[in-house]
Number of protein chains: 2
Amino acid sequence: MRHVSAQLDIDTAILSKIERGERKATREQITKLADILELDRESLLIQYLSEKILYEIQDEDLGIQALKVAEKTIKYGVTKNK
Amino acid sequence: MRHVSAQLDIDTAILSKIERGERKATREQITKLADILELDRESLLIQYLSEKILYEIQDEDLGIQALKVAEKTIKYGVTKNK
DNA sequence: ATTAACTTGACAATAAATGTCAAATGTAAA
DNA sequence: TTTACATTTGACATTTATTGTCAAGTTAAT
């Protein structure tokens, strides 16, 4: 654990918490972890992103609908106006 | 504008920014806005949530895939372990 | 009992979101 | 055109969320 956390530039405390889901990892940490643990980077990232998404809509009745709208928006390449 | 912003408990400056997309509204502000402007609350909320989602995955190649994973997760009622 | 690995909780540091204010700009009617 | 009010802008303050450190507490193996 010391080895891994060192490579991640954090102390073991956080790593421990991340492992047990008490803390969220950083995007950067995710990719580093993928490398270190030789896991599939894409899968990990997808997992990570999907967790962030779910976090946003947790206990929202309209969550699913929002997801679908988001999907369509992406597909149709709608750009956000500044 | 003063009227509306007063009801939202913010000054006109923010309202102005929200209207022109420089600032994000709060969830609470969204629902109040729906009432004040007599818009459909659900639609506004869905719009609001979907924007938050899109924000999370902006310029992520794996965004769409993450969305799909998130959807499935919701459908299967997977609960997040504390 | 000693040691090293891991966990926990209280707190510090940083970063992001939200808000205020005051000054600048726009707009229309007198 | 000046006055009066509405809207916008930007610089900054406040609040809230996220990420991190540290020190003390467990656990497990020897």
Side-chain angles (χ1 to χ4, degrees), chain A residues 1-39 41 44-60 62-63 66-67 69-70 73-74 78-82, chain B residues 1-39 41 44-60 62-63 66-67 69-70 73-74 78-82:
Chain A
M1 210 170 196
R2 274 187 293 102
H3 298 328
V4 175
S5 64
Q7 296 188 71
L8 289 178
D9 261 333
I10 55 178
D11 80 24
T12 65
I14 298 187
L15 181 53
S16 167
K17 287 168 187 166
I18 289 177
E19 283 179 336
R20 63 195 45 256
E22 274 184 41
R23 280 290 179 89
K24 295 178 249 170
T26 283
R27 214 212 105 109
E28 203 188 356
Q29 290 164 351
I30 292 293
T31 58
K32 282 188 185 168
L33 264 179
D35 291 348
I36 298 170
L37 305 181
E38 303 192 31
L39 299 171
R41 180 189 290 246
L44 260 199
L45 269 177
I46 292 176
Q47 186 57 34
Y48 165 72
L49 290 172
S50 116
E51 268 165 26
K52 290 183 75 171
I53 291 170
L54 289 169
Y55 181 77
E56 292 297 330
I57 61 179
Q58 71 188 162
D59 49 57
E60 285 283 354
L62 304 167
L67 277 177
V69 170
T73 307
I74 283 193
V78 178
T79 317
K80 182 62 186 169
N81 46 334
K82 206 311 175 46
Chain B
M1 212 170 196
R2 274 188 294 103
H3 299 329
V4 175
S5 64
Q7 296 188 71
L8 288 178
D9 262 332
I10 55 178
D11 83 25
T12 64
I14 298 187
L15 181 51
S16 166
K17 287 167 187 165
I18 290 177
E19 284 180 334
R20 63 197 43 255
E22 273 184 41
R23 282 290 179 88
K24 296 179 247 171
T26 282
R27 213 212 105 111
E28 203 190 356
Q29 290 164 352
I30 291 292
T31 57
K32 282 188 184 168
L33 263 180
D35 291 347
I36 298 170
L37 305 182
E38 302 193 31
L39 300 170
R41 181 189 290 245
L44 261 199
L45 269 177
I46 291 176
Q47 187 54 34
Y48 166 72
L49 291 173
S50 116
E51 267 165 27
K52 289 182 76 171
I53 292 170
L54 289 169
Y55 181 77
E56 292 298 330
I57 61 179
Q58 70 187 164
D59 48 57
E60 284 283 355
L62 303 167
L67 277 176
V69 171
T73 307
I74 282 193
V78 179
T79 317
K80 181 63 187 170
N81 45 335
K82 204 314 174 45

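No hydrogens, no waters, no symmetry mates; every other heavy atom, side chains included, goes into these values. Numbers restart at 1 for each chain; the letters A, B, ... are given by sequence-line order, proteins then strands. Values in this document were obtained by computation on a predicted structure and should not be read as measured data.
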Establish, with yes or no, whether the OP1 or OP2 oxygen of [N] is under 4.0 angstrom from a side-chain nitrogen or oxygen of [X].
| X | N | result |
| --- | --- | --- |
| B/K24 | C/dA17 | yes |
| A/R2 | C/dA4 | no |
| B/Y55 | C/dA17 | yes |

Check whether any side-chain heavy atom of [X] sits under 4.5 Å from a side-chain heavy atom of [Y], and report yes or no.
| X | Y | value |
| --- | --- | --- |
| B/I30 | B/R41 | no |
| B/I10 | B/T26 | no |
| A/K32 | A/D9 | yes |
| B/L33 | B/L39 | no |
| B/Q47 | B/E51 | yes |

Quick one: which of [options] gets closest to the side chain of [X]?
| X | options | result |
| --- | --- | --- |
| A/T26 | C/dT8, D/dT19, D/dG10 | D/dT19 |
| A/R20 | C/dT20, C/dT7, D/dC22 | C/dT7 |
| A/A13 | C/dC6, D/dT7, D/dT21 | D/dT21 |
| B/Q29 | C/dG9, C/dT20, C/dG19 | C/dG19 |
| B/K17 | D/dT21, D/dG10, D/dT7 | D/dG10 |
| A/E19 | C/dT7, D/dT21, D/dT8 | C/dT7 |
| A/R23 | D/dT19, C/dT20, D/dT7 | D/dT19 |

Atom pair distance, as rounded to whole Å: [atom1] in [X] and [atom2] in [N]:
| X | N | atom1 | atom2 | answer |
| --- | --- | --- | --- | --- |
| B/Y48 | C/dA17 | OH | C1' | 11 Å |
| A/E56 | D/dA17 | CD | C1' | 12 Å |
| A/H3 | C/dA4 | NE2 | C1' | 12 Å |
| A/I18 | C/dT8 | CD1 | C1' | 15 Å |
| B/D9 | C/dT18 | CG | C1' | 13 Å |
| B/E22 | C/dA17 | CD | P | 15 Å |
| A/R27 | C/dA15 | CZ | P | 19 Å |
| A/M1 | D/dA28 | CE | P | 15 Å |

**Prompt:** Near A/E38 CD, under 6.0 Å, is it more than 12 heavy atoms from other residues, nucleotides or ligands?
**Reply:**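 12 or below, so no.
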**Asked** Quick check: are there more than 12 heavy atoms from other residues, nucleotides or ligands sitting under 6.0 Å from CD of A/Q58?
**Response**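 Yes.
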**Request:** Between A/D11 and B/D11, name the one whose nearest nucleotide on DNA chain D is closer to the 5' end.
**Result:**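 Taking each residue's closest nucleotide, the earlier one in sequence belongs to B/D11.
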**Item:** Overall bend - the helix from C/dA1-D/dT30 to C/dA30-D/dT1, comparing terminal axes fitted on five pairs, nearest 10 degrees
**Value:**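 Inter-axis angle at the ends, rounded: 10°.
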**Request:** Give B/I10 one of three labels, base, sugar-phosphate or nothing, depending on what nucleic acid heavy atoms sit under 4.0 Å from its own.
**Result:**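 Sugar-phosphate: the residue B/I10, judged by heavy atoms under 4.0 Å, touches backbone atoms but no base.
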**Heavy-atom pair with the smallest gap, counting every atom of B/E56 and A/L49** =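 Looks like O-CD2, 4.3 Å.
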